[in-house]
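Below is one structure, written out as structure tokens; comments come after it.
Remember, it's a predicted structure, so these values are computed and weren't measured experimentally.
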Amino acid sequence: MRYLYSVYADAARIALQSILAHKLRAFLTLIGIIIGVAAVVVVGASVSGLNTYVTDRVAKLLGANHFMIARIASSKRLSDDEFEQMNRRNKRLNWDDYEWVKEHCAACSEVGAEVGSQTDLKQDGIEFPGAIVFGVTSNMAEIEDKTIVDGRFISADEVTRSALVCVLGGDIKEKFFPNTEPIGQTLKVRGLPMRVVGVEEKRGAFFGDSLDRHIYIPATTHLQIFGRNGLQIHGKAPTRDNFQPTIEDARLTMRNKHRLKGNEEDDFGLVNVEELNNQIDQFTGSIAAVVVPITLITLVVGGIVVMNIMLVSVTERTFEIGLRKAVGATRKQILMQFLIESGMLCAFGGVMGLLVAWGVTTLITALAGITMTITIGYILLAIIVSSVIGMIAGAYPAFKAARLDPIIALTKTT
């Protein structure tokens with residue numbers, strides 16, 4: 001064991017001395033490896049950041065452990081035939097469906113209802129086209145994890161008596177009440193004066209659609225103003241571990257309400273946050289599967305450069321190799337020395353590439369406001385691949401060095 005340690009330690013020491021003896025050449029050799037490793041890690045960080053960004057946006061839009069039942073709903077893109085079949089089969093959801101699920105879904109921590117319509121707002125000469133008016137029950141703030149920065153959300157009593165009250169999204173608040181306190185003011189919706197009781201925290205945009213163009217009014221008020229179409233039932237599981245059992249409980253509750261037999265398909269659509277997150281993971285995983293191998297090509301190019309420099313190094317050190325073999329060094333020891341040197345060279349390039357990637361991701365995060373996460377998986381991938389490429393690139397030069405005849409090598413002085 002001590003002998004093996006001595007052999008490998010000496011080989012590593014000689015390799016390090018050789019690298020340090022030609023610092024500029026080593027650095028220029030490693031530019032390809034540095035760029036390749038940095039590209040792999042930055043791309044990985046971008047994919048991870050995209051996944052985190054979309055997942056956070058979904059969580060802000062829908063809330064955690066949240067599912068929705070609607071007449072037509074699916075977590076995947078429906079084909080025309082699937083849509084037509086669902087459109088013919090599925091029933092319109094009514095208020096009694098919501099009350100049934102709320103009463104009979106034992107696993108649900110919360111059950112709420114929501115219905116949305118688009119309308120144009122106009123008041124005191126100010127116009128706001130394309131506002132989304134949501135009729136909600138009082139617990140939708142908890143179900144969708146909404147944050148109210150001023151005032152409060154719709155109360156249960158206001159839903160019961162169909163009160164004319166509303167909670168404003170950030171964009172609508174800034175449009176109609178830019179420099180005044182909105183709480184207690186009125187905003188007309190379809191000509192009806194709604195008293196403002198709260199303002200929602202600004203949530204930004206999701207795939208180009210602003211989440212701050214929303215107004216929330218009691219669901220019963222919405223059904224009276226806009227009609228009884230598009231009611232959705234929303235539920236929430238108490239914990240993530242109970243998420244799937246809760247969804248199944250809600251689905252069976254709806255099937256019982258609609259008196260569906262065991263072999264009949266659901267006559268309603270059901271989507272949940274977990275399925276959307278899984279689709280996001282698949283989407284970003286597909287991007288990584290395509291882009292990361294392309295960036296690895298840069299590492300291969302860098303490996304070719306390393307091979308060329310190692311061949312030059314073998315030529316320069318022919319006399320040294322002959323001398324070592326003359327005093328008893330074996331082919332295996334010579335081979336190992338050059339493999340360790342090429343592997344160490346590329347490992348240094350991998351570390352430098354990680355530092356470059358860290359600088360690039362930090363700069364992008366600071367300037368663009370997009371969180372780019374360097375995961376341990378991509379760090380290990382970059383260093384392992386760069387080291388392996390170094391070993392492979394050094395294999396031929398090392399094999400060539402190991403086969404040198406010591407007598408002929410000793411005659412070479414350059």
inquiry  = According to side-chain contact (heavy atoms from CB on, under 4.5 Å), who are the partners of Val360, at least two apart in sequence or on a separate chain?
reply    = Val42, Val356, Ile364

request  = Starting at CG of Asp267, measure out to CZ of Arg92 and round the result to the nearest 0.5 Å.
outcome  = 13.5 Å

From CA spacing to verdict: side chain to side chain contact (heavy atoms under 4.5 Å, CB included), Arg195, Glu158 = CA-CA 12 Å; Arg195 180 169 57 89; Glu158 288 166 341; 4.2 Å; yes

message = Once salt bridge (charged side-chain N to carboxylate O under 4.0 Å, His left out) is applied, do any residues pair with Arg161, and if so which ones, sequence neighbours excluded?
response = Asp157

task = With sequence neighbours left out, write down each residue that passes side-chain contact (heavy atoms from CB on, under 4.5 Å) with Glu265, or none if nothing qualifies.
result = Gln85, Arg89

ask   = Rounded to the nearest 0.5 Å, how far apart are CE of Met140 and OH of Tyr216?
value = 8.5 Å

request  = Work out which heavy atom in Ile217 is nearest to a heavy atom in Cys166; give both atom names and the distance.
outcome  = CG2-CB, 3.8 Å

task = Would you confirm whether Thr137, through its side chain, and Ala113, through its main-chain N or O, come within 3.5 Å as a donor-acceptor pair?
result = yes

Exercise answer: donor-acceptor pairs, residues 167-180 side-chain atoms, under 3.5 Å, sequence neighbours excluded:
from	atom 1	to	atom 2	distance (Å)
Asp171	OD1	Lys202	NZ	3.3
Asp171	OD2	Ser210	OG	3.0

Show which side-chain atoms of residues 118-134 pair as donor or acceptor with protein atoms under 3.5 Å away, not counting sequence neighbours.
from	atom 1	to	atom 2	distance (Å)
Asp120	OD1	Gly130	N	2.9
Gln123	OE1	Lys188	N	2.8
Gln123	NE2	Thr186	O	3.1

inquiry  = How long is the straight-line distance from CG of Leu187 back to CG of Leu164, given to the nearest 0.5 Å?
reply    = 12.0 Å

task = Among residues two or more places apart or on two chains, list those pairs meeting ring-ring contact (aromatic ring centres under 6.0 Å, His included) that have a residue in residues 88-126.
result = Trp95-Tyr98, Trp100-His104

inquiry  = Which residues pass the side-chain contact (heavy atoms from CB on, under 4.5 Å) test with Pro238, not counting sequence neighbours?
reply    = Ser109, Asn242, Thr246

message = Please check if the number of heavy atoms outside Arg152 that lie under 6.0 Å from its CZ is greater than 12.
response = yes

query = In Å, rounded to the nearest 0.5 Å, how long is the span from OG1 of Thr221 to CE of Met194?
reply = 6.0 Å

request  = Identify the two heavy atoms, one from Ser162 and one from Gln224, that lie closest to each other, and give their separation to 0.1 Å.
outcome  = OG-NE2, 3.2 Å

message = Could you go through Phe243 and Ile247, starting from their C-alpha distance and side-chain angles, then the distance that decides it, and tell me whether this counts as side chain to side chain contact (heavy atoms under 4.5 Å, CB included)?
response = CA-CA 6 Å; Phe243 193 42; Ile247 292 173; 3.7 Å; yes

Euclidean distance, Lys102 NZ relative to Glu110 CD, rounded to 0.5 Å = 8.5 Å

key: Minimum heavy-atom distance between Ser138 and Phe153, given as atom pair plus value   = O-CD2, 3.6 Å

note = Closest non-hydrogen atoms of Glu264 and Arg259, given as atom of the first, atom of the second and distance, are OE1-O, 4.2 Å

note = In short, Glu200 meets Ile148 closest at the heavy-atom pair CA-CD1, 4.2 Å

request  = Mind checking salt bridge (charged side-chain N to carboxylate O under 4.0 Å, His left out) for Glu114 and listing every partner two or more places apart, or none if nothing turns up?
outcome  = none

task = For the residue pair Leu93 and Gln232, establish whether any side-chain heavy-atom pair is separated by less than 4.5 Å.
result = no

inquiry  = Which residues pass the side-chain contact (heavy atoms from CB on, under 4.5 Å) test with Asp96, not counting sequence neighbours?
reply    = Asn94, Lys257

inquiry  = Between Arg71 and Asp97 (salt bridge meaning N to carboxylate O under 4.0 Å), is one present in this structure?
reply    = no

ask   = Which atom pair, heavy atoms only, marks the closest approach of Glu181 to Asp150?
value = OE2-OD2, 2.8 Å

ask   = Do the side chains of Met352 and Ile33 get nearer than 4.5 Å, heavy atoms only?
value = no

key: Test item: Ile154 and Val165 side chains (from C-beta on) under 4.5 Å apart, heavy atoms   = yes

query = Ion pair present between Glu144 and Arg203, side-chain N to carboxylate O less than 4.0 angstrom?
reply = no

request  = Could I get the full list of side-chain hydrogen bond (donor to acceptor under 3.5 Å, both in side chains) partners for Ser117, not counting sequence neighbours?
outcome  = His222

inquiry  = For the CG atom of Asp145 and the OG1 atom of Thr147, what is their distance to the nearest 0.5 Å?
reply    = 8.0 Å

request  = Applying salt bridge (charged side-chain N to carboxylate O under 4.0 Å, His left out), name anything that partners Glu248, two or more places apart in sequence or on another chain.
outcome  = Arg251

query = Can you name the residues that form a salt bridge (charged side-chain N to carboxylate O under 4.0 Å, His left out) with Asp249, not counting sequence neighbours?
reply = none

